[in-house]
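In each ligand, atom 1 is the first atom listed, and ligand 1 is the first ligand listed. Because the structure is a prediction, the values reported are computed rather than measured.
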Amino acid sequence: MLSPSLLAADFAHLAKDVDMINRSEADWLHIDIMDGVFVPNISYGFPVLKHVARLTQKPLDVHLMIVQPEKFIPEIKALGAHVMNVHYEACPHLHRVLQQIREAGMHPAVTLNPSTPVCMLKDIIQDVYMVLLMGVNPGFGGQKFIEHTVDKVAELKELITVTGSEALIEVDGGVNLDTGARLVAAGADVLVSGSAVFRAEDPTEMIRALKNL
Ligand code: DX5
Ligand code: ZN
């Protein structure tokens, strides 16, 4: 599956890029929310995202790079989000937060920074709809892929198989045709891609190519 990241879109013409994604084979639309605290950058907030949510025909895959993400469960729900991704590193009471997300009617997903090992998920893997592995340090698009992420995908796949969990594996950051092919071979189910899609000569065709890896 493919979840194009709107972070690499043309912010002066968001409606045009959302429309391109609507007409493409993309499965979801990936939305990156930052707070300048958990990550050293700020992207867009709810006044902008409510318009994106109105325009999109794709399910929203919302990635919160913020501290205390549970505070915003009602706002994310109001966007009509399909998946709400929270960072492992931002949630001391992760089990509770995942439960709150599910109770609000969304699919809960947990995201790991590059420095957080997969084994930290052992006691929570049964409770998540999806695990998002970062292929870069979160906060910016267009960064170089951290190769070790491919090994982490294989390790996570093993944990999912051994525990009988049904969690999906998503990877975000540095995904292009080359890294994407290796991630899918290692067991990734969903690829997020920002710059590889929006910097491509034909973004719609790149979405198709990444989806079919
Ligand atoms: C990074 C974001 C990503 C970003 C990926 O913090 O979480 O979703 O848009 O961008 P690329 O695909 O350019 O690495
Ligand atoms: Zn993201």
Engineer: Work out which heavy atom in Leu79 is nearest to a heavy atom in Ala53; give both atom names and the distance.
Structural biologist: O-CB, 3.5 Å
Engineer: Students should be able to answer this: which protein heavy-atom is nearest to atom 12 (O) of ligand 1, and at what distance?
Structural biologist: Gly194 N, 2.8 Å
Engineer: For ligand 1, which atoms have a heavy atom of Ser193 less than 4.0 angstrom away?
Structural biologist: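 Atoms satisfying the 4.0 Å criterion: 12 (O).
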Engineer: List every atom of ligand 1 that sits less than 4.0 Å from any heavy atom of His30, numbering the atoms from 1 in the order shown and giving each element.
Structural biologist: 8 (O)
Engineer: With His30, which of Val192, Leu6, Leu2 fulfils side chain to side chain contact (heavy atoms under 4.5 Å, CB included)?
Structural biologist: Val192
Engineer: Quick one: does Ala196 get an N or O within less than 3.5 Å of an N or O on ligand 1?
Structural biologist: no
Engineer: Among the N/O/S atoms of His63, select the one at the shortest distance from the Zn ion (ligand 2) and name it.
Structural biologist: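 Result: ND1.
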Engineer: Enumerate the atoms of ligand 1 whose separation from the nearest heavy atom of Pro138 is less than 4.0 angstrom.
Structural biologist: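 Going through ligand 1 atom by atom, the ones under 4.0 Å from Pro138 are 6 (O).
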Engineer: Counting from 1, what ligand 1 atoms have a heavy atom of Gly173 closer than 4.0 Å?
Structural biologist: 14 (O)
Engineer: So which N/O/S atom does Asp32 have closest to the Zn ion (ligand 2)?
Structural biologist: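 Going by distance to the Zn ion (ligand 2), the closest N, O or S atom in Asp32 is OD1.
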Engineer: Is Val136 close to Asp172 at the side-chain level, that is, under 4.5 Å between some pair of heavy atoms?
Structural biologist: no
Engineer: With the side chain counted from C-beta on, respond yes when Ile73 and Ile101 share a heavy-atom pair under 4.5 Å apart, and no when they do not.
Structural biologist: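 Answer yes - side chains close enough.
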Engineer: Record the part of Ser195 in heavy-atom contact with ligand 1 below 4.0 Å; permitted values are side chain, backbone, both and neither.
Structural biologist: both
Engineer: Have a look at Asp172 and say which of its N, O or S atoms is nearest the Zn ion (ligand 2).
Structural biologist: OD2
Engineer: I'd like to know if Arg96 and Glu70 make a salt bridge, using a cut-off of under 4.0 Å between side-chain N and carboxylate O.
Structural biologist: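 Salt bridge between Arg96 and Glu70, a charged N being under 4.0 Å from a carboxylate O: no.
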Engineer: Do we see a donor-acceptor contact under 3.5 Å between the side chains of His63 and Asp61?
Structural biologist: no
Engineer: What is the closest protein heavy atom to atom 1 (C) of ligand 1, and at what distance does it sit?
Structural biologist: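 Heavy-atom neighbour on the protein nearest atom 1 (C) of ligand 1: Phe140 O, 3.5 Å.
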Engineer: Hey, does Asp172 come in under 3.5 Å of ligand 1, counting only N/O atoms on both sides?
Structural biologist: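 Such a contact does occur with ligand 1.
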Engineer: Based purely on interatomic distance, does Gln143 place a nitrogen or oxygen under 3.5 Å from a nitrogen or oxygen of ligand 1?
Structural biologist: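 Between Gln143 and ligand 1 (N or O atoms, distance only) the closest approach is not under 3.5 Å.
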Engineer: Give the numbers and elements of all ligand 1 atoms closer than 4.0 Å to a heavy atom of Gly141.
Structural biologist: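 Within the 4.0 Å cut-off of Gly141, ligand 1 contributes 10 (O), 13 (O).
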Engineer: Salt bridge or not between Lys58 and Asp27? Use side-chain N to carboxylate O under 4.0 Å.
Structural biologist: no
Engineer: Considering the options Ile76, Leu60, Val83, Val62, which one meets the side chain to side chain contact (heavy atoms under 4.5 Å, CB included) requirement together with Met106?
Structural biologist: Ile76
Engineer: Does the N or O separation between Val136 and ligand 1 drop below 3.5 Å for any pair?
Structural biologist: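 Checking ligand 1 against Val136, no N or O pair falls under 3.5 Å apart.
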Engineer: When you look at NE2 of His51, are more than 12 heavy atoms from neighbouring residues, nucleotides or ligands closer to it than 6.0 Å?
Structural biologist: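 Buried by this count: over 12 neighbours within 6.0 Å.
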Engineer: Looking only at distances, can you tell me whether any N or O atom of Gly142, backbone or side chain, sits closer than 3.5 Å to an N or O atom of ligand 1?
Structural biologist: yes
Engineer: Determine whether Val39 and Phe140 make a side-chain contact, defined as any pair of heavy atoms from C-beta on separated by less than 4.5 Å.
Structural biologist: no
Engineer: Would a 4.5 Å heavy-atom cut-off, applied to side chains only, mark Ile160 and Ile169 as touching?
Structural biologist: yes
Engineer: Under 4.0 Å from a heavy atom of Met65: give me the atoms of ligand 1 that qualify, with their elements.
Structural biologist: 6 (O), 7 (O)
Engineer: Considering only heavy atoms of His63, which atoms of ligand 1 have at least one such atom less than 4.0 Å away?
Structural biologist: 7 (O)
Engineer: Looking only at side-chain N and O atoms, does Ser5 offer a donor or acceptor that is under 3.5 Å from a partner on Asp32?
Structural biologist: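 Side-chain D/A pair, Asp32 to Ser5: present.
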Engineer: Between ligand 1 and Asn137, is the shortest N or O to N or O distance under 3.5 Å?
Structural biologist: no
Engineer: I'd like to check which ligand 1 atoms, numbered from 1 as shown, lie under 4.0 Å from a non-hydrogen atom of Leu7.
Structural biologist: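 Selected atoms, number and element: 4 (C), 9 (O).
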Engineer: Name the closest protein heavy atom to atom 6 (O) of ligand 1, giving the residue it belongs to and the distance to 0.1 Å.
Structural biologist: Gly139 N, 2.7 Å
Engineer: Inspect the contact between Glu155 and Lys152 and indicate whether a charged nitrogen and a carboxylate oxygen are less than 4.0 angstrom apart.
Structural biologist: no
Engineer: Looking at atom 2 (C) of ligand 1, what's its closest protein heavy atom, distance included?
Structural biologist: Asp32 OD1, 3.4 Å
Engineer: Among all protein heavy atoms, pick the one closest to atom 9 (O) of ligand 1 and tell me residue, atom and distance.
Structural biologist: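 Ranking protein heavy atoms by distance from atom 9 (O) of ligand 1, first comes Ser5 OG, 2.8 Å.
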Engineer: Can you find a non-hydrogen atom of Gly174 under 4.0 Å from ligand 1?
Structural biologist: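 Under 4.0 Å: yes for Gly174.
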Engineer: Looking only at distances, please establish whether an N/O atom of ligand 1 is found under 3.5 Å from an N/O atom of Met34.
Structural biologist: no
Engineer: Around Glu147, counting heavy atoms of other residues, nucleotides and ligands shown, do more than 12 lie under 6.0 Å from its CD?
Structural biologist: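 More than 12 within 6.0 Å, yes.
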Engineer: Is it the case that Thr116 and Asn113 place a side-chain donor and acceptor less than 3.5 Å from each other?
Structural biologist: no
